Amino acid sequence: MDKLGETVDLLGRLIAFPTESSASNLEMIVYLADVLSSAGARVEMQQDDTRAKANLFATIGPDVPGGIMLSGHTDVVPVADQAWSSDPFVMEERDGRVYGRGTCDMKGFIAAAVTMAPVFAEAATRRPIHFAFTYDEEVGCLGAQALAPTLRDREVLPSVAIIGEPTLMQVIEGHKGCYEYSVHFTGLEGHGSTPDRGVNAVEYAVRYVARLLELAEELKARAPATNRFNPPWTTINTGALQGGVAHNVIPGKARIDWEMRPVQAGDADFAKSILREFCSKELLPAMRRLDPAADIVTEMVGEVDGLIPMDESEARDLMVSLTGNDDVGTVPFGTEAGIYQALGISAVVCGPGSIAQAHKPDEYLSLDQLNRCLEMLGRLAGRLG
Ligand SMILES: [Zn+2]
């Protein structure tokens, strides 16, 4: 069987593991570990606290720094409430495409990388290849965030990371970060006729939102002069505001869900410290004048760093030469790339298939895309000796 046939075969097996983020990915990880170790890789598994999920980190080639890391997430988004024409966990091939949940996002890339493992094992005499397959990317990059400190502690840190999210094999050098929060306000309930005797949680939440609006303008003013993002500044969105029960009741609870998408390192810390100070020096003292139990609790839902485009990037230069496509771009969606970049690893996003098919019913990957990914990986093998 040729490499494309082998990859399609392996992809069919990977699609059959129903690794929605809410479920365990262990069977898939153990399966991949077996395939990689048969090809000569040194494999390590890292379990999460529930022991139902794991990352897989594997290395082929010499135990030295400067390797190339092929990175992908093993979880997929849910299929519930989606109208599929066929079973999402039974891969079907039709019209030059393979259909199934995770074909493009992103088990296709994982299947191609693992199928090439024996080729890498022959070629990697000078530079190692690493495989980093993670859990819970779709719910906030939890696996990659657990893997990152263990990578940092090694003396053999890779120098390049290729994150195989679907980009139609275009080299992507940047995306914004995504920081999400829920802020819970606890006030003091009371009768609407005597507002001075209560602590109105909704009114304090509204003041917080007003501060977010000012902050959004301050972040706009901080935008770097040259920047490849659209819009080119760090944005803030207030996504939900809840609280209160009736016209004549002072609301005791309120909640704000908001997000920020930073374009540069430092913006998130800038915004967070302003908000911390605003709560501790203005809102909370005012709330607690009447009720010492009043509180504001900021719940961090997810903090995923962006991938910052760099003037000098080994990963970008390598991938432009391997794909033959120098139309380097940015994308609006987030990936694990920024987490690895923060370790000092040069990172890009480049993988088969289109983000337009990701997360949708009848998700598919074209065999032409899969083949282009295999060709890229074949050329990469040629750089390892
Ligand atoms: Zn993905």
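Because the structure is predicted, anything quoted here is derived from the model rather than measured. The analysis underlying the following values was restricted to heavy atoms, covering all of them including side chains, and did not include hydrogens, waters or symmetry mates. FYI, the numbering just counts along the sequence from 1.
- Side-chain N or O atoms of Asp75 include one that pairs as donor or acceptor with a backbone N or O of Glu137 at under 3.5 Å.
- For the side chain to side chain contact (heavy atoms under 4.5 Å, CB included) test with Ile110, the passing option among Leu10, Leu14, Leu56, Thr115 is Leu14; the others fail.
- Residues Thr234 and Phe270 have side chains not in contact (no heavy-atom distance under 4.5 Å, counting atoms from C-beta outward).
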Please evaluate residues Arg42 and Asp63 with respect to the criterion salt bridge (Lys or Arg N to Asp or Glu O under 4.0 Å), reporting the C-alpha separation (whole Å), side-chain torsions for both, the decisive distance (0.1 Å), and the verdict.
CA-CA 10 Å; Arg42 305 182 289 285; Asp63 227 354; 3.8 Å; yes
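- Rounding to the nearest 0.5 angstrom, the gap separating the CD1 atom in Ile172 from the CZ atom in Arg228 is 12.0 Å.
- Judged purely by atom type and a 3.5 angstrom limit, Thr330 has no side-chain atom pairing as donor or acceptor with the backbone of Gly174.
- For Asn25 (side chain) and Ala54 (main-chain N/O), a donor-acceptor pair under 3.5 Å exists by modelled atom type.
- Between the side chains of Thr298 and Lys272, no donor N or O sits under 3.5 Å from an acceptor N or O.
- In terms of the salt bridge (Lys or Arg N to Asp or Glu O under 4.0 Å) criterion, Glu155 has no residue partners (sequence neighbours excluded).
- Without hydrogens or angle criteria, Asn55 side chain to Tyr135 main chain gives a donor-acceptor distance under 3.5 Å.
- The OH atom of Tyr181 lies 10.0 Å from the CD1 atom of Ile236; values are rounded to the nearest 0.5 Å.
- Sparse packing is recorded around CZ of Arg51, with 12 or fewer heavy atoms of other residues, nucleotides or ligands lying under 6.0 Å away.
- Put simply, Val304 and Phe229 are part of two different groups of oily side chains (I, L, V, M, F, W, Y) that touch within less than 4.5 Å, one to the next.
- The shortest distance between side-chain heavy atoms of Phe57 and Met69 falls below 4.5 Å.
- The salt bridge (Lys or Arg N to Asp or Glu O under 4.0 Å) search around Arg379 returns none, not counting sequence neighbours.
- Between the CG atom of Leu367 and the CG atom of Leu374 there is a distance of 10.5 Å, given to the nearest 0.5 Å.
- A side-chain donor-acceptor contact under 3.5 Å links Asp257 and Ser182.
- Checking side-chain atoms of Arg255 against main-chain N and O of His184 turns up no donor-acceptor pair under 3.5 Å.
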Yes or no on side chain to side chain donor-acceptor pair (under 3.5 Å) for Asp368 and Ser366, after CA distance, side-chain angles and deciding distance?
CA-CA 5 Å; Asp368 172 59; Ser366 81; 4.8 Å; no
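- The environment of Asn248 atom CG is dense: over 12 non-hydrogen atoms of other residues, nucleotides or ligands sit within 6.0 angstrom.
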Could you give me the CA-CA distance, side-chain angles and deciding distance for Val156 and His130, then say whether side chain to side chain contact (heavy atoms under 4.5 Å, CB included) is met?
CA-CA 11 Å; Val156 290; His130 309 280; 5.5 Å; no
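- Within 6.0 Å of the CD atom in Glu299, the count of heavy atoms belonging to other residues, nucleotides or ligands exceeds 12.
- Although no hydrogens or angles enter the test, the distance criterion places a donor-acceptor pair under 3.5 Å between the side chain of Ser346 and the main chain of Ala315.
- Cluster membership check: Val77 does not share its hydrophobic cluster with Ile355, using side-chain heavy-atom separations under 4.5 Å among Ile, Leu, Val, Met, Phe, Trp and Tyr.
- Interatomic distance, CD of Glu173 versus CG of Asp311, reported as 9.0 Å (0.5 Å rounding).
- Annotation: side chain of Leu147 is in contact with side chain of Tyr340 (closest heavy-atom distance under 4.5 Å).
- Not a single donor-acceptor pair under 3.5 Å links the side chain of Glu314 to the backbone N or O of Val160.
- Side-chain contact annotation: Thr323 with Asn325, donor-acceptor N/O pair under 3.5 Å absent.
- Contact record, Met287 with Val199: O-CG2, 3.5 Å, taken as the closest heavy-atom pair.
- Using a 4.5 Å cut-off between side-chain heavy atoms of Ile, Leu, Val, Met, Phe, Trp and Tyr, with links allowed through other members, Leu380 and Ile345 fall into different hydrophobic clusters.
- The heavy-atom pair separating Ala381 from Val119 by the smallest distance is CB-CG1, 3.9 Å.
- Hydrophobic cluster membership is shared by Met45 and Leu36, with clusters built from Ile, Leu, Val, Met, Phe, Trp and Tyr side chains linked at under 4.5 angstrom.
- Residues Val90 and Val79 do not share a hydrophobic cluster, clusters being chains of Ile/Leu/Val/Met/Phe/Trp/Tyr side chains in contact below 4.5 Å.
- A donor-acceptor contact shorter than 3.5 Å is absent between the side chain of Glu336 and the backbone of Gly143.
- In the displayed structure, Asp153 atom CG is contacted under 6.0 Å by more than 12 heavy atoms of other residues, nucleotides or ligands.
- Counting heavy atoms from C-beta outward, Arg197 and Ile250 have side chains that stay 4.5 Å or more apart.
- Here the closest heavy-atom approach between residue Pro118 and residue Ala39 is recorded as N-CB, 4.0 Å.
- Side-chain atoms of Ser37 come within 3.5 Å of backbone N or O of Ala33 as a donor-acceptor pair.
- Taking the side chain as every heavy atom from C-beta outward, Leu283 and Tyr208 approach each other to under 4.5 Å.
- For the side chain to side chain donor-acceptor pair (under 3.5 Å) with Asp136, the qualifying choice from Gln145, His73, Lys53 is Lys53, the only one to do so.
- The only member of Ile60, Val64, Ile68 that meets side chain to side chain contact (heavy atoms under 4.5 Å, CB included) when paired with Pro128 is Val64.
- Phe133 places none of its side-chain heavy atoms less than 4.5 Å from the side chain of Met28.
- Considering Arg97, Lys107, Arg101 as possible partners of Glu363, the one that fulfils the salt bridge (Lys or Arg N to Asp or Glu O under 4.0 Å) test is Arg101.
- The nearest pair of heavy atoms linking Leu370 to Gly108 is CD1-O, 3.6 Å.
- When only modelled atom types and interatomic distance are considered, Gln357 and Tyr364 share a side-chain donor-acceptor pair under 3.5 Å.
- Using a 4.5 Å heavy-atom threshold, the side chains of Leu377 and Phe120 count as touching.
- Within 6.0 Å of the CZ atom in Arg13, the count of heavy atoms belonging to other residues, nucleotides or ligands does not exceed 12.
- Of all the heavy atoms in Asp48 and Thr50, the pair that sits closest is OD1-OG1, 2.8 Å.
- Of the inter-residue distances, the one linking Arg222 atom CZ with Leu215 atom CG reads 9.5 Å to the nearest 0.5 angstrom.
- The backbone N or O of Thr335 lies less than 3.5 Å from no partner atom in the side chain of Glu165, so there is not a single donor-acceptor pair.
- Surrounding CD of Glu27 are at most 12 heavy atoms belonging to other residues, nucleotides or ligands under 6.0 Å away.
- In terms of the salt bridge (Lys or Arg N to Asp or Glu O under 4.0 Å) criterion, residue partners of Glu218 (sequence neighbours excluded) are, by chain and number, Arg211.
- With contacts defined as side-chain heavy-atom distances shorter than 4.5 Å, the pair Arg372/Pro352 does not qualify.
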Test side chain to side chain contact (heavy atoms under 4.5 Å, CB included) on Glu259 and Arg261; report intermediate values, then the result.
CA-CA 7 Å; Glu259 62 152 39; Arg261 299 196 174 230; 2.9 Å; yes
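- The CG atom of Asp317 sits 11.0 Å away from atom CG of Leu322, with the distance rounded to the nearest 0.5 Å.
- A pairwise comparison of heavy atoms in Cys350 and Ile162 identifies O-CG2, 3.9 Å as the closest pair.
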